[in-house]
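Down below is the structure, laid out as structure tokens.
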Amino acid sequence: MALKSGMKASTRQAQKRQVQSPVCSAVIAVPVPVMAINPQAAFKAGCRRPATTRLSMRRAARMTCNASAAAAPAPTYDSRREWPLDKYRNIGIMAHIDAGKTTTTERILYYTGKSYKIGEVHEGTATMDWMVQEQERGITITAAATTCMWKGHRINIIDTPGHVDFTLEVERALRVLDGAVAVFDAVSGVEPQSETVWRQADKYKVPRICFVNKMDRLGADFYNCVKMVVSNLGAKPLVIQLPIGSEDQFKGVIDLVKMKAIVWTGEELGAKFEELPIPEDMADKAQEYREKLIDMIVEQDDEVLEKYFEGEMPDEATIERLIRKGTIAQAFVPIVCGTAFKNKGVQPLLDSVIKYLPSPLEIDAVQGVDMNDAEVAMIRSADDAAPFSGLCFKIMTDPFVGSLTFCRIYSGILEAGSYALNSNKNKKERIGRLMMMHANNREDIKVAFAGDIVAIGGLKDVITGETLCDDKSPIILEKMDFPDPVIKIAIEPKSKADLEKMGVGLNKLAQEDPSFNFSRDEETNQTVIEGMGELHLEIIVDRLRREFKVECEVGAPQVNYREGISRPNDVRYVHKKQSGGSGQFADVAIRFEPGEPGSGFVFKSEIKGGSVPKEYVPGVVKGLEECMSSGSLAGFPVVDVTCVLYDGSYHEVDSNALAFQIAARGAFREAMGKCGARLLEPIMRVEVITPEDHMGDVIGDLNSRRGIINKFEDKPGGMKLVQAYVPLSEMFQYVSVLRGMTKGRAQYTMQLERYEVVPPNIQQDIVAKSKAGVA
Ligand SMILES: Nc1nc2c(ncn2[C@@H]2O[C@H](COP(=O)(O)OP(=O)(O)OP(=O)(O)O)[C@@H](O)[C@H]2O)c(=O)[nH]1
């Protein structure tokens, strides 16, 4: 048995004001079989499908895409459905902070007729950045969902935040999306947070298109961006457009599929474009890249490849089909370009989305397990006639509707007023209201179908990551992983009334955001909130003050250390109590071993011959788990420990699960001493982009913060990149230090790289402070 539980911190100088035909189908419903698959292979962390079935399912997905769904059974559609599934695109817009995700999304909404005016991020009017904190700071904090139509397709879009503190929002979105547009700044290329979200998209196997934005900016370099897609992301770019001109001379693009130029006649909103012959001075380059494109895509089809070797060029429809096939199979990533702000390139980007990104029918069927037996793996396909299943991926508190739960429907239909089963909790929930979301505006709907992303109002007890399903065919869909908070601050309410309001507020905010925790210390009367970074907690406090009207004092940020063990050891612990009435007896022998980084708490039972009866083992697990939450060094969570229960004994009358729980706790405490308990600290990967003349200061300063410089790189515009690994405890308020040191000309980002052992002298200090109650 094995159980497992497992900145750019405000670099902006001044807080910038916000820059910023339906086809109907009525088909008779036919039940779709729910397949059982290899149980051992189920639930490989982070995968959408079990390892052993991955190949065959991938092949099935290819067949679907290859033969226009001819090989796969056609989905059955509910008679009320407006849009067939092959016309759906569920996509996310993702990138580094400031690459232009929100601006691109705003243009998409305009060109698809969803908005009649464009909201600019720098003016604080972007539709998708609807939170007041987003509008004030010019950043996206929460992933916003919207739906628009383009050339007979329905596109559900999630605009995700770029700041590393809100990475969880991206993770949640990617978990439920079928495709993504990665936006890059043509000047900066592939930036650190783009790398992070790219890896997240890899984890969830999400097909992508790249949009090289900001081609109008001084220093824009499309070809450098393409190179960085290879060098920084290890991806295979498929250039399907070339820019015509760049910076203020950027006029449009060459479409390498049609071999035509697309040239915009203005830069204003709604500016027209025309299709023209390729300009003479770009003919050779276009030919060169067209050949590269054909060379790459013909590999997707043996027949086309053979004909190509015989000298036959694929026609336009075949080229598009093969780009689509290769994109969905993630053999390559199509690259297009433009400038969202100057209104060039967005319509062809939308064309690429519908041509090359998958519909829900072309992604692997979603994977889960039987609610009553986690060993039985199941999958569900996108089909209205299949039993209903949906994954709740986001909870949002809405001042008018209360709590809104965002749900991706994978199979079946969901009707307002009906009941669904929360299979994680085995609890029925009433679907009070069903809504399509447009940023923070809602449109009530009566029914939602397989492939939809909807918001549900009125759910009582659902948290992010839980499954709603048909109670007659219960399934638990694969869960999401949530990162552990790295930083904490103490907050103290000003009055008793504030304390009460704060409790309500914190509960609501924690329900919305699984990367945020809070706890209360009754002795000190302090509440500690934990999150992913300074900005994350700053936003939480701001929301407490504004939305929940809480007046409070806020302490200085502190690092959320971890505790671990450095060597294995065996501990035998006997808990014995004899006091008047019935006694307590439990004896456990547990081997404690340091686990793999990231393994969390792993429990194994090697009990033979019933020396610890089966019914007492859960008590042992519970006792150990309790100790993992607070280590004996300084009370920080303990990570990466494997505990093997291999022997013990019990008493016929005096033993029970509670006694074994207490014995396990005693064993754990003893083990922390015997196994060399140590404090671990978060090490951040810090990347500073600075003018060359400030490089020496930046490096000197990072060194003085216990930083290890890892690399330097040249950046466009004579800038230099300095990458270093620095303990988080040394990075608080770095934003203002860097600003002062470089006169506001440098920028930085940082993200969690790993945990490392704290040097002994610093550990001593932290432990002493913790004992004195100040850490
Ligand atoms: N010159 C130029 N500026 C652009 C372009 N696209 C966006 N911008 C500007 O770049 C800034 C950042 O744009 P956003 O759309 O907020 O970027 P984002 O990626 O959504 O940012 P976060 O959500 O905070 O991660 C804003 O000031 C935009 O006006 C473009 O094509 N050209």
Side-chain angles (χ1 to χ4, degrees), residues 7-20 92-110 118-131 133-144 146 157-167 169-170 173 180-188 190-194 196-197 210-222 225 243 245-253 264 267-269 271 336-346 349 439 533 535-536 539 717 747 749 751:
M7 246 178 271
K8 167 178 162 186
S10 207
T11 48
R12 290 156 202 240
Q13 313 301 315
Q15 286 190 338
K16 62 183 175 130
R17 273 283 303 158
Q18 278 329 286
V19 192
Q20 281 231 49
I93 311 271
M94 57 182 218
H96 187 85
I97 192 163
D98 267 0
K101 296 175 294 294
T102 305
T103 308
T104 306
T105 313
E106 294 291 321
R107 263 56 185 184
I108 289 177
L109 294 182
Y110 178 81
I118 281 195
E120 294 295 3
V121 181
H122 64 269
E123 288 162 4
T125 54
T127 320
M128 299 300 278
D129 283 348
W130 56 271
M131 279 171 68
Q133 291 83 0
E134 294 180 318
Q135 297 184 346
E136 279 175 5
R137 293 161 196 252
I139 54 167
T140 305
I141 292 169
T142 178
T146 190
I157 302 176
I158 300 190
D159 173 26
T160 63
H163 195 288
V164 65
D165 282 14
F166 308 109
T167 299
E169 285 288 312
V170 188
V181 174
V183 179
F184 301 117
D185 179 332
V187 181
S188 319
V190 177
E191 295 170 273
Q193 185 60 6
S194 314
T196 307
V197 291
C210 298
F211 178 56
V212 178
N213 186 34
K214 303 199 181 184
M215 280 304 302
D216 61 311
R217 274 191 64 196
L218 196 65
D221 187 343
F222 173 78
C225 238
S246 76
E247 304 178 347
D248 57 350
Q249 292 304 306
F250 177 71
K251 294 190 170 59
V253 298
W264 275 262
E267 296 194 331
E268 73 284 0
L269 193 54
V336 297
C337 63
T339 154
F341 190 55
K342 300 278 171 70
N343 305 298
K344 293 174 185 172
V346 177
L349 169 66
L535 180 62
H536 186 199
I539 300 288
Q747 291 196 340
T749 57
Q751 52 195 296

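None of these values were measured; they are calculated from a predicted model. One-based numbering, in listed order, for ligands and for the atoms of each.
- Polar contact check, Asn213 against ligand 1: a nitrogen or oxygen pair lies under 3.5 Å apart.
- Not one N or O of Met215 is nearer than 3.5 Å to an N or O of ligand 1, by distance alone.
- Shown here for Met215 and Pro243, the closest heavy-atom pair between the two residues is CE-CB, 3.7 Å.
- Of all atoms in ligand 1, numbered sequentially from 1 with element shown, those under 4.0 Å from a heavy atom of Thr103 are 6 (N), 7 (C), 13 (O), 14 (P), 15 (O), 28 (C).
- Residue Arg217 places a heavy atom under 4.0 Å from ligand 1.
- Residue-to-ligand polar distances keep Gly338 apart from ligand 1: every N/O pair is separated by 3.5 Å or more.
- Annotation: side chain of Ile93 is in contact with side chain of Ile108 (closest heavy-atom distance under 4.5 Å).
- Checked by atom type and distance alone, the side chain of Lys344 pairs as donor or acceptor with a backbone atom of Phe250 at under 3.5 Å.
- The closest approach between Ala95 and ligand 1 stays at or above 4.0 Å for every heavy atom of the residue.
- Here the closest non-hydrogen pair linking Gly100 and Asn213 is CA-ND2, 3.7 Å.
- Of the listed residues (Val212, Asp216, Val187), the one carrying the non-hydrogen atom nearest atom 32 (N) of ligand 1 is Asp216.
- Leu349 has its side chain within reach of Thr104: a pair of non-hydrogen atoms, C-beta onward, lies under 4.5 Å apart.
- You'll find the side chain of Arg107 reaches within 4.5 Å of the side chain of Phe341, heavy atoms only.
- The Ala340 neighbourhood of ligand 1 comprises atoms 31 (O), with distances under 4.0 Å to a heavy atom of that residue.
- Contact check for Val336 versus Val253: no side-chain heavy atoms found under the 4.5 Å cut-off.
- Taking a cut-off of under 4.0 Å to the non-hydrogen atoms of Thr102, the atoms of ligand 1 that pass are 15 (O), 18 (P), 20 (O), 23 (O).
- Using a 4.0 Å cut-off to heavy atoms of Thr339, the atoms of ligand 1 that qualify are 30 (C), 31 (O), 32 (N).
- Within the 4.5 Å cutoff, no side-chain heavy atoms of His96 are placed close to those of Asp185.
- Of all the listed residues (Glu247, Arg107, Lys101), Lys101 holds the heavy atom that lies closest to atom 19 (O) of ligand 1.
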